[in-house]
Amino acid sequence: MDTAPPRNSGELTYRDAVEADVSVLVPLIESAYRGDSSRSGWTTEADILDGQRTDPESVREIVTTPGSTLLAVERDGELIACCQLEHRGEAAYFGMFAVRPGLQGAGLGRQIIAEAERIARERWSVREMQMTVISVRHELIAWYVRRGYRRTGKLTPFPYGDERVGVPQRDDLAFELLVKDLS
């Protein structure tokens, strides 16, 4: 899928990432969540998690697994954001959402999530979008609630000890399931 406007239009284009994109996607995702660079955006997890957010193997798996994609978002040919979509029966899972930190807060996130919902609905005829958010990320959860997502109160434990997803800086982390009706 390629929805490409004219070059230098400033418009966003969306496409399914391919394996050749992994080397650009991993640093984009890392920059949005971890380390000092993430602090220039508002989605940082740097105060609750150290270490990596993802790795090339995990991103490659999302890109190559049937029923899963990492949606690459470009503006004027430059990769500026991405998000994971995964088909799960009557639902789609939304995850690994990253917007370059210096571009956050300008409305791109709203556009991208709306397009991701449209793509999931059209591609897989799903009725619901699901995601998990670290439960202590109150500002981020509130942002998703304003986009129509509902808190379920269903928590799953954070994978303490699995440094592939980061090194926790606190002992009260869990993932909360958020859902949105797409029908």
Side-chain angles (χ1 to χ4, degrees), residues 1-35 37-38 40-41 43-45 49 51-104 106-134 140 144 147 149 159 162-166 175 178 180 182:
M1 171 176 113
D2 192 0
T3 55
R7 300 285 279 163
N8 299 319
S9 68
E11 293 181 42
L12 300 180
T13 58
Y14 301 83
R15 64 177 175 81
D16 290 347
V18 296
E19 280 190 76
D21 295 317
V22 170
S23 64
V24 178
L25 288 164
V26 172
L28 169 68
I29 295 162
E30 291 296 315
S31 74
Y33 288 96
R34 305 289 162 77
S37 65
S38 71
S40 65
T43 61
T44 183
E45 294 175 346
L49 293 161
Q52 69 182 28
R53 168 61 173 83
T54 193
D55 56 39
E57 295 75 29
S58 298
V59 173
R60 188 172 292 106
E61 183 178 340
I62 293 167
V63 168
T64 60
T65 299
S68 175
T69 191
L70 201 57
L71 195 61
V73 184
E74 298 175 328
R75 184 166 57 197
D76 298 329
E78 184 179 1
L79 186 66
I80 62 165
C82 67
C83 62
Q84 173 189 8
L85 293 173
E86 183 181 315
H87 188 205
R88 294 183 177 178
E90 291 191 7
Y93 178 80
F94 177 86
M96 210 169 280
F97 189 22
V99 174
R100 185 175 297 152
L103 300 175
Q104 293 176 15
L108 289 174
R110 284 189 295 274
Q111 287 179 262
I112 294 166
I113 197 168
E115 182 66 5
E117 291 165 357
R118 185 194 68 75
I119 289 168
R121 218 176 14 254
E122 289 184 6
R123 187 176 292 183
W124 298 312
S125 300
V126 294
R127 298 180 178 166
E128 182 177 84
M129 187 76 90
Q130 302 175 347
M131 70 174 69
T132 55
V133 179
I134 297 174
L140 183 59
Y144 284 119
R147 309 277 90 66
Y149 286 80
D162 184 352
E163 291 190 7
R164 292 175 302 162
V165 295
F175 292 105
L178 305 179
K180 181 177 182 179
L182 298 181

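Computed from a predicted model, the values in this text were never measured in an experiment.
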- Task: Determine whether V165 and R53 make a side-chain contact, defined as any pair of heavy atoms from C-beta on separated by less than 4.5 Å.
- Result: no
- Task: State whether the side chain of D76 and the backbone N or O of G10 hold a donor-acceptor pair below 3.5 Å, judged by distance alone.
- Result: yes
- Message: Can you list everything that forms a side-chain contact (heavy atoms from CB on, under 4.5 Å) with E128? Sequence neighbours excluded, please.
- Response: A91, Q130, V179
- Look only at the side chain of D162 and the backbone of P159, and say whether a donor-acceptor pair between them is shorter than 3.5 Å. no
- Query: With side chains defined as the heavy atoms from C-beta onward, is the minimum distance between S68 and L85 less than 4.5 Å?
  - Reply: no
- Item | SG-CE distance between C82 and M96, expressed to the nearest 0.5 angstrom | 7.5 Å
- Message: Taking E90 first and then R127, would you say they form a salt bridge - that is, a charged N and a carboxylate O separated by under 4.0 Å?
- Response: yes
- Stepwise, does the side-chain contact (heavy atoms from CB on, under 4.5 Å) test hold for L108 with V73? CA-CA 10 Å; L108 289 174; V73 184; over 6 Å; no
- Over all atoms of both residues, closest heavy-atom pair of V126 and H87: CG1-CD2, 3.7 Å
- Query: What are the two closest non-hydrogen atoms of A20 and S23, and how far apart are they?
  - Reply: O-OG, 3.9 Å
- Task: For the residue pair I112 and V99, establish whether any side-chain heavy-atom pair is separated by less than 4.5 Å.
- Result: yes
- Nearest heavy-atom contact between G67 and W124 is O-CZ2, 3.7 Å
- Take E117 and R121, measure what salt bridge (charged side-chain N to carboxylate O under 4.0 Å, His left out) needs, and give me the verdict at the end. CA-CA 6 Å; E117 291 165 357; R121 218 176 14 254; 5.2 Å; no
- Item | Interatomic spacing from OG1 in T13 to CD in E74 - rounded to 0.5 Å | 4.5 Å
- Query: Is the shortest heavy-atom distance from the side chain of I134 to the side chain of L49 under 4.5 Å?
  - Reply: yes
- Given E78 and R75, is the salt bridge (charged side-chain N to carboxylate O under 4.0 Å, His left out) satisfied, shown in steps? CA-CA 5 Å; E78 184 179 1; R75 184 166 57 197; over 6 Å; no
- G109 backbone acceptor or donor facing R147 side chain under 3.5 Å: no
- Task: Output the distance between atom CZ (R15) and atom CG (L70), rounded to the nearest 0.5 Å.
- Result: 10.0 Å
- Query: At their closest point, which heavy atom of Q104 faces which heavy atom of A32, and how far apart are they?
  - Reply: NE2-CB, 4.1 Å
- Query: Taking atom CD of Q84 and atom CD1 of I29, what is their separation to the nearest 0.5 Å?
  - Reply: 9.0 Å
- Note on the structure: Interatomic distance, CD1@I113 vs CG@L71, rounded to 0.5 Å, equals 11.5 Å
- Task: Using a cut-off of 6.0 Å, state whether more than 12 heavy atoms not belonging to R88 lie near its atom CZ.
- Result: yes
- Message: Is it the case that the side chain of Y33 and the backbone of F97 share a donor-acceptor pair, with hydrogens and angles ignored and the cut-off at 3.5 Å?
- Response: yes
- Message: Is it true that T132 and Y93 share a donor-acceptor pair across their side chains at a distance under 3.5 Å?
- Response: yes
- Distance from T69 atom OG1 to E86 atom CD, nearest 0.5 Å? 11.0 Å
- Taking the inter-plane angle between the rings of Y144 and F94 on a 0 to 90° scale, is it parallel (under 30°), tilted (30 to 60°) or perpendicular (over 60°)? perpendicular
- Task: Determine which pairs satisfy ring pair (Phe, Tyr, Trp, His ring centres under 6.0 Å) with at least one residue from residues 57-80, sequence neighbours left out, and list them in order.
- Result: none
What pairs of donor and acceptor atoms, side-chain ones from residues 57-64 against any protein atom, are under 3.5 angstrom apart with sequence neighbours left out?
| unit_1 | atom_1 | unit_2 | atom_2 | d |
| --- | --- | --- | --- | --- |
| S58 | OG | D55 | OD1 | 2.9 |
| T64 | OG1 | R60 | O | 2.9 |

